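Quick note on labels: first sequence line is chain A, next is B, and so on, each numbered from 1. All values derive from a computational prediction rather than experimental measurement.
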2 protein chains.
Amino acid sequence: MSTRMGKPPSESASLADRIRNTIQTFTPTEKRAARLLLSHYPFAGLGTVAAFAARAGISAPSVLRFVTRLGFSGFPDFQKHLHGELEAQLLSPLAKARPAERTDTAAALSSFAKAIATNLRSTAEAIAPAEFEAVATLLSEPARHLHFTGGRFTAAFARYAESHFRILRPHVDVLDGQPALWRDRMIEIGRRDVVVAYDIRRYQEDVIALCETASRQGATVILITDPWLSPIARVARHVLPAHVSAPSNWDSAAGLLLLTEALIATVTKRLWASAKPRMEAIERLRDEV
Amino acid sequence: MSTRMGKPPSESASLADRIRNTIQTFTPTEKRAARLLLSHYPFAGLGTVAAFAARAGISAPSVLRFVTRLGFSGFPDFQKHLHGELEAQLLSPLAKARPAERTDTAAALSSFAKAIATNLRSTAEAIAPAEFEAVATLLSEPARHLHFTGGRFTAAFARYAESHFRILRPHVDVLDGQPALWRDRMIEIGRRDVVVAYDIRRYQEDVIALCETASRQGATVILITDPWLSPIARVARHVLPAHVSAPSNWDSAAGLLLLTEALIATVTKRLWASAKPRMEAIERLRDEV
DNA sequence: CTTATTCTGTAATTTTTGATACAGTATTTC
DNA sequence: GAAATACTGTATCAAAAATTACAGAATAAG
């Protein structure tokens, strides 16, 4: 066993910092390993032990001793840590190097806004254009019947979508409230129907069951979910995942709203010729009542 | 052998872009793999085949078929490519500038995301910290009764807020559906009650009437609205305006959602001592049913 | 200068990982 | 509705990787 113990890798400071601070205690070959890693941090550590050894001009066992010295249980453990750092750094360029400022409520609001804005950007980037396009097309076909549904928290977005699409086009409803009531309507759902389901963790059994039934009866299922994908993805024709992370105990649904509003906007534009007179007629009716 | 060949991985466009453009030609399981990779790009691909497969909910061979379809000779080859992209991207922060989207709809989605992100930022900046603070405090008092309500489009956010606050604390409900049904409940609303109203253009008569009545009976009214302020502002104790502009015929409600979620997060933190056991109890009840 | 100790690479070993053959299932096509 | 085709998971195999044992080299101490 080594005479010097490595510190546990769970230290708060970045691994690179820790290496820089302790590099003088390393043996000559370990220093070579450390310099390689620091000069190409952290990419040099992403490959195999053999590749790292060759690049540093040392032997494979020396690399192993190096990572052990750093406090890792083995090379895979070491790599796992690098992956984690990399992901944290690249995904939240803002949240990273910020040593817990005062948790003022005003600061909370603005950091919330920042985090959600980041979500929106990554949500938009992760969506396949063809997928979004296909969904927009489905929702633009007046002959199809649209049914929106969601779980405990996401039912609100089904409602939100419905309240807009209802104005744009005919044959729009929401499957909401008592799941028992859905059953009755399910009988009418078939090939021409489109079910748009919102479902994020924890995925809800009754929504899943509804979509499976709908799919079995030939309906087209569209799923709007989180990046971990609801089980509904199995039966869904199209899936639109949205990022949901937020500085809170709860997930943020802003990504779901983004996709919903973007779909509404796209369909509005596409159906404008028929939607405009329809909207005007609805306005007149509202004013009369 | 597969009937469709993957393109060589040396294409100039990023791998993510290529996947987004060709995802429609994938098999269902390949789509699952693609969605995982896109939603956690490229980190999901940095581990082992088995880890990727488990995370995507598919089998290891399917992952191998996926990378083969993408044109790589094997999983290590695929990872090598990801490492390369990652290094290039992180080393040149400038190169991160988006490579000009192709299709119209993709552009629509990303410009939508940008516009909404801007909304969020300006919404957060325009909120008076003391106002937000005061609202959070009101919603954190367990003795008060909370009622959420909204108009045609905004009722969804009242529902969304209610579904969360209901879990955090007692005495939470939503005034929804038939306005006639509100009347019956109005009789019980008094000094200890808090009415949170969502209202944006075009401001809705029945919601306005509800808030005026509530105010007259001594309730505290909180208004979440657009920058032009609903008439409810006259009777509201606190007003939180949100920016709503969007590249669409419709307004965007993302600002409303931001305020809602930020309030939920703040109240959750503040009530954590009592909310945690409450949430656990609710979880247990759910599991039993 | 000799001896003890630490350091480092070669080579063997074991574990893990990626890859493949094949059979069952679902799906599509006629 | 039946046959053909495509799709996907289980079980198995082969390959590569990480790890360890050990001996030689370098360094430091006496």
Side-chain angles (χ1 to χ4, degrees), chain A residues 1-6 23-37 44-83 191 212 215-221 229 231 233-237, chain B residues 1-6 9 22-37 44-83:
Chain A
M1 187 184 225
S2 173
T3 52
R4 284 164 290 183
M5 276 302 293
I23 194 170
Q24 72 273 4
T25 71
F26 291 180
T27 72
T29 35
E30 283 169 350
K31 277 183 187 165
R32 300 184 68 164
R35 287 196 200 102
L36 169 64
L37 182 58
L46 260 41
T48 70
V49 173
F52 190 101
R55 216 167 148 192
I58 61 179
S59 72
S62 293
V63 175
L64 273 300
R65 283 187 280 262
F66 169 66
V67 300
T68 303
R69 162 72 47 88
L70 292 176
F72 298 100
S73 68
F75 201 76
D77 187 31
F78 166 70
Q79 281 191 328
K80 214 173 124 195
H81 178 88
L82 291 183
H83 289 164
R191 308 199 81 85
E212 284 171 349
S215 163
R216 209 173 310 120
Q217 292 181 203
T220 303
V221 176
L229 302 191
R234 282 207 170 285
V235 299
R237 177 79 60 87
Chain B
M1 185 184 222
S2 174
T3 52
R4 288 162 290 184
M5 277 302 293
T22 55
I23 195 171
Q24 61 204 358
T25 70
F26 291 2
T27 71
T29 32
E30 282 169 351
K31 277 184 188 169
R32 288 173 73 96
R35 287 182 191 124
L36 169 65
L37 182 60
L46 260 41
T48 68
V49 172
F52 189 100
R55 217 167 148 190
I58 61 179
S59 72
S62 292
V63 175
L64 274 300
R65 284 187 279 260
F66 169 65
V67 300
T68 303
R69 160 73 49 91
L70 292 176
F72 298 100
S73 66
F75 200 75
D77 186 30
F78 165 70
Q79 281 191 328
K80 214 173 119 194
H81 178 88
L82 291 184
H83 290 163

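B:Gln79 places no side-chain N or O within 3.5 Å of a backbone atom of B:Gly74 that could act as its donor or acceptor partner.
One interatomic measurement links the two molecules: CZ of B:Phe26 to P of D:dA6, which rounds to 18 Å at whole-angstrom precision. One can place CG of B:Leu64 at 14 Å from P of C:dT17, the figure rounded to the nearest angstrom. Rounded to whole angstrom, the span from the CZ atom of A:Phe66 across to the P atom of C:dG9 amounts to 14 Å. Regarding B:Phe72, its CZ atom lies at a distance of 13 Å from the P atom of C:dA19, rounded to whole Å. Rounded to an integer number of Å, the gap from CD of A:Glu30 to P of C:dG9 is 11 Å. Distance CZ (B:Arg32) to C1' (D:dC7): 14 Å, rounded to an integer number of Å. In this structure, B:Arg69 places its CZ atom 9 Å from P of D:dT8, rounding to the nearest Å. Between the CZ atom of A:Phe78 and the P atom of D:dA18 there is a distance of 11 Å, given to the nearest Å.
In this structure, OG1 in A:Thr68 is found 9.0 Å from CD in A:Glu30, a value given to the nearest 0.5 Å. Annotation: the span from A:Thr29 atom OG1 to A:Arg65 atom CZ amounts to 7.0 Å, rounded to 0.5 Å. Atom OG1 in B:Thr22 sits 8.5 Å away from atom CZ in B:Arg69 (nearest 0.5 Å).
Not a single ring-ring contact (aromatic ring centres under 6.0 Å, His included) links B:Phe52 to another residue, sequence neighbours left out. With sequence neighbours left out, the side-chain hydrogen bond (donor to acceptor under 3.5 Å, both in side chains) criterion links A:Ser59 to A:Ser62. Listed by chain and number, the residues in a side-chain contact (heavy atoms from CB on, under 4.5 Å) with A:Arg237 are A:Thr220 (sequence neighbours excluded). Qualifying side-chain contact (heavy atoms from CB on, under 4.5 Å) partners for B:Arg35, counting only residues two or more places apart in sequence or in other chains: A:Glu131, A:Leu229, A:Val239, B:Ile23, B:Lys31. Under the side-chain hydrogen bond (donor to acceptor under 3.5 Å, both in side chains) criterion, B:Ser73 pairs with B:Asp77, not counting sequence neighbours.
Among the nucleotides D:dT19, C:dT8, D:dT8, the one closest to any side-chain atom of A:Thr27 is C:dT8. Listed nucleotides: D:dC7, C:dG18, C:dC7. Nearest to the side chain of B:Phe75: C:dG18. Residue A:Pro28 has its side chain nearest to C:dT8 when only C:dA19, D:dC7, C:dT8 are considered. Among D:dG9, C:dG18, C:dT8, the nucleotide with an atom closest to any side-chain atom of B:Thr29 is D:dG9.
In this structure, the helix from C:dC1-D:dG30 to C:dC30-D:dG1 shows an angle of 30° between the axis at its start and the axis at its end, each fitted on 5 base pairs and rounded to 10°.
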Scan nucleotides 2-4 of chain D against the protein and return all N/O pairs shorter than 3.5 Å with their distances rounded to 0.1 Å.
none

Show me the protein contacts with nucleotides 23-30 of chain C, counting only N or O atoms at under 3.5 Å.
none

Scan nucleotides 22-27 of chain D against the protein and return all N/O pairs shorter than 3.5 Å with their distances rounded to 0.1 Å.
none

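Here the shortest heavy-atom pairing between A:His83 and B:Leu46 reads CE1-O, 3.3 Å. The shortest heavy-atom contact between B:Ala53 and B:Ala60 is CB-N, 3.7 Å. Between A:Phe75 and A:Gly45 the shortest heavy-atom distance is CZ-O, 4.1 Å. Closest non-hydrogen pair, B:Ala33 versus B:Ala56, comes out as CA-CB, 4.4 Å.
The stretch residues 44-63 of chain A touches DNA chain D through A:Thr48, A:Val49, A:Ala50, A:Pro61, each having a heavy atom within less than 4.0 Å of the strand.
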Is there a side chain to side chain contact (heavy atoms under 4.5 Å, CB included) between B:Leu37 and B:Phe66 once you walk through the steps? CA-CA 11 Å; B:Leu37 182 60; B:Phe66 169 65; 4.2 Å; yes
Criterion side chain to side chain contact (heavy atoms under 4.5 Å, CB included) on A:Leu64 and A:Phe78, from CA distance to verdict: CA-CA 10 Å; A:Leu64 273 300; A:Phe78 166 70; over 6 Å; no
